[in-house]
Each structure stands twice: as C-alpha cells, then as structure tokens.
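Structure, as structure tokens:
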Amino acid sequence: MKRFLKWFAITALVLGVVAFLAFLYFIPPFMLMKPEEFSGPAGKAGPDLSKIADPAERAIAERGHYLVTIGSCADCHATPGPNGPDIEHMYLAGGMKTARKGFGTHISINLTPDKETGVGNWSDEDLKRVWRNGLAPDGRQIPGHLMPWPAYSHWTDEDLHAVIVYLRHIPAIVHPIPKPSDDATFTDPAAFEEDYGGADYAAPPK
C-alpha cells in the first residue's frame, strides 16, 4: 500500500509539473512582445512623428512616445467615452473621474499643449516637478494613487526631456478640466474608491 501511494504521489507530481510547463508554453508570450504592440491602439496613437524635420528632435520625440506608451498615460488621460477611451480624437485630453475616500474627487488633466485648458503654459520644469515629486504648478500635491509619479521619478533627465518634447508635438485640444474636489461621493456607500469610465467628466462649457 505504501509503495502504491509513493508511486501515485510521484506520478501526480510529474503530471503537475508537465501541466504547468504546458501552461507556460501555450500562454501568450507577453514579455516577448514590444510594449507598443502589447498596448495595442495606445501604442499607435498620437501624431505622425515622421513629419518632424529635425532627425535628432524626431528621435527624442519617438523616445517620448515610447515612454508615454509604457507609462500607460493614455489609460487615464485619454478622454473616456461610451465605447472606451477616445484615443483617436481626444488623445491625452483628460476627463476620467476618480474618487477615493480621504482624497476627494479628481478628473485627469488635459496633457495636450493647449494654453488655456492643457499644459501649454506649463514650463519644462513644471512638468518635471510633477513627475519627480508629484507637485503641481499650483502647489498642490498629487496623490501617488492618482498618478504614479513615484515610478516616473526614476526616469532619467533625458527621459523626462523626451516626454516633454513628445507632448509639445501632440495636437492641442481645447478640453477644460474641473479642479479637484475634497468631496468624494460614491454610487456604492461601502466603496473606498471608484473610477468612472464611459463618460467625459470635463468641465461644462461656460
């Protein structure tokens, strides 16, 4: 009986290892794909950088696009709509709503270079400060759960410059975003945080 149990255990272990290896073999090779391919439409979004005349500037902008893609910036800053983020027409124009207890309600900002409603009037240092320590130009501290600036803070100065160059080249979109609110109202009273997709939460037109 003991011998049977021994061989049964060995057989079960071998089958388990084989099944696990088969699982690893047949799942999609995520880590073997380029980030741009894995991200799908987000990796193809944005302007045609081949139109930048200066080869050096074009290479820097392409690096910036790569970082914006792998940094998942469009996940929050592409304007949400009924069919998902509107990456084609409202790329990085903001409008996603997030509410969390103790932190209030925030709408993702417009990252396009529009001077009135985007970051067109932000200096390079303003943008770098946000990515390095989460400090907005108005002195407001941006929580790390809203924007993963603790991760971006590890980018090199060259990387930060590349992202800035890229953002300066995307089309400016007029899309006013309301200021953060200390109030956090939930559809589910038991919720700690709610993210609202499927609609644009930009400020209503004046």
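- Ring centers of Trp149 and Tyr152: at least 6.0 Å apart, outside the cut-off.
- Rounding to the nearest 0.5 Å places CG of Leu127 at 5.5 Å from CZ of Arg168.
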Checking Val119 against Ile109 for the side chain to side chain contact (heavy atoms under 4.5 Å, CB included) test, could you report, in this order, the C-alpha distance in whole Å, the side-chain angles of both residues, the deciding distance, and whether it holds? CA-CA 9 Å; Val119 296; Ile109 70 168; 4.2 Å; yes
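- The structure places CD1 of Ile60 at 9.5 Å from CD of Glu158, a figure rounded to the nearest 0.5 Å.
- How far CD of Gln141 is from CG of Asp138: 11.0 Å, rounded to the nearest 0.5 Å.
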Let's go through His106 and Met96 carefully: what are the C-alpha distance in whole Å and the side-chain angles of both, what is the deciding distance for side chain to side chain contact (heavy atoms under 4.5 Å, CB included) to 0.1 Å, and is it a yes or a no? CA-CA 8 Å; His106 296 74; Met96 179 178 174; over 6 Å; no
Give the intermediate values and the outcome of side chain to side chain contact (heavy atoms under 4.5 Å, CB included) for residues Leu49 and His65. CA-CA 9 Å; Leu49 300 179; His65 177 227; 4.1 Å; yes
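- Criterion: ILVMFWY side-chain heavy atoms under 4.5 Å apart, direct or through other members. Under it, Phe103 and Ile142 are not part of a common hydrophobic cluster.
- Annotation: His77 is not in aromatic contact with Tyr91 [ring centroid separation under 6.0 Å not met].
- Cluster membership for Val68 and Met90, using ILVMFWY side-chain heavy atoms within less than 4.5 angstrom, is not shared.
- Pairing each heavy atom of Ala45 with each of Tyr166, the nearest pair is O-OH, 3.8 Å.
- Tyr66 does not carry Arg63 over the face of its six-membered ring by the limits of under 6.0 Å from the centre and within 45° of the normal.
- The distance from atom CG of Leu67 to atom CD1 of Ile164, rounded to the nearest 0.5 Å, is 11.5 Å.
- Nearest heavy atoms, Ile177 versus Ala93: CD1-O, 3.9 Å.
- Closest of all the heavy-atom pairs between Gly94 and Pro80 is O-CD, 4.4 Å.
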Might you work through the side chain to side chain contact (heavy atoms under 4.5 Å, CB included) test for Trp155 and Arg132, ending with a clear yes or no? CA-CA 8 Å; Trp155 284 351; Arg132 285 183 177 135; over 6 Å; no
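- Minimum interatomic distance between Gly144 and Pro150 (heavy atoms only, all atoms of both residues): CA-CD, 4.2 Å.
- Residues Asp159 and Lys128 are not paired through a salt bridge, judged by the lack of any N-O separation under 4.0 Å between the basic side chain and the carboxylate.
- With hydrogens and angles disregarded, a donor-acceptor distance shorter than 3.5 Å links the side chain of Arg58 to the backbone of Ile52.
- The line from OG1 of Thr156 to NE2 of His161 is 11.0 Å long, rounded to the nearest 0.5 Å.
- Within the model, atoms CE of Met147 and SG of Cys76 stand 10.5 Å from one another, a figure rounded to the nearest 0.5 Å.
- Each of Thr112, Leu111, Leu92 was compared with Ile173 under the side-chain contact (heavy atoms from CB on, under 4.5 Å) criterion, and only Thr112 meets it.
- Each of Leu167, Leu160, Val165 was checked for a side-chain contact (heavy atoms from CB on, under 4.5 Å) with Val163, and the lone residue meeting it is Leu167.
- Hydrophobic cluster membership is shared by Trp131 and Ile170, with clusters built from Ile, Leu, Val, Met, Phe, Trp and Tyr side chains linked at under 4.5 angstrom.
- Considering only residues two or more places apart in sequence or on other chains, Asp114 meets the side chain to side chain donor-acceptor pair (under 3.5 Å) condition with Thr117.
- Residue Asp182 places its CG atom among 12 or fewer non-hydrogen atoms of other residues, nucleotides or ligands, all under 6.0 Å distant.
- The heavy-atom pair separating Val130 from Ala136 by the smallest distance is CG2-CA, 3.9 Å.
- One N or O on the side chain of Ser108 and one on the backbone of Gly95 form a donor-acceptor pair closer than 3.5 Å.
- With salt bridges taken as basic N to acidic carboxylate O contacts below 4.0 Å, none links Lys97 and Asp200.
- The shortest non-hydrogen separation linking His169 to Ala61 is CD2-CB, 4.5 Å.
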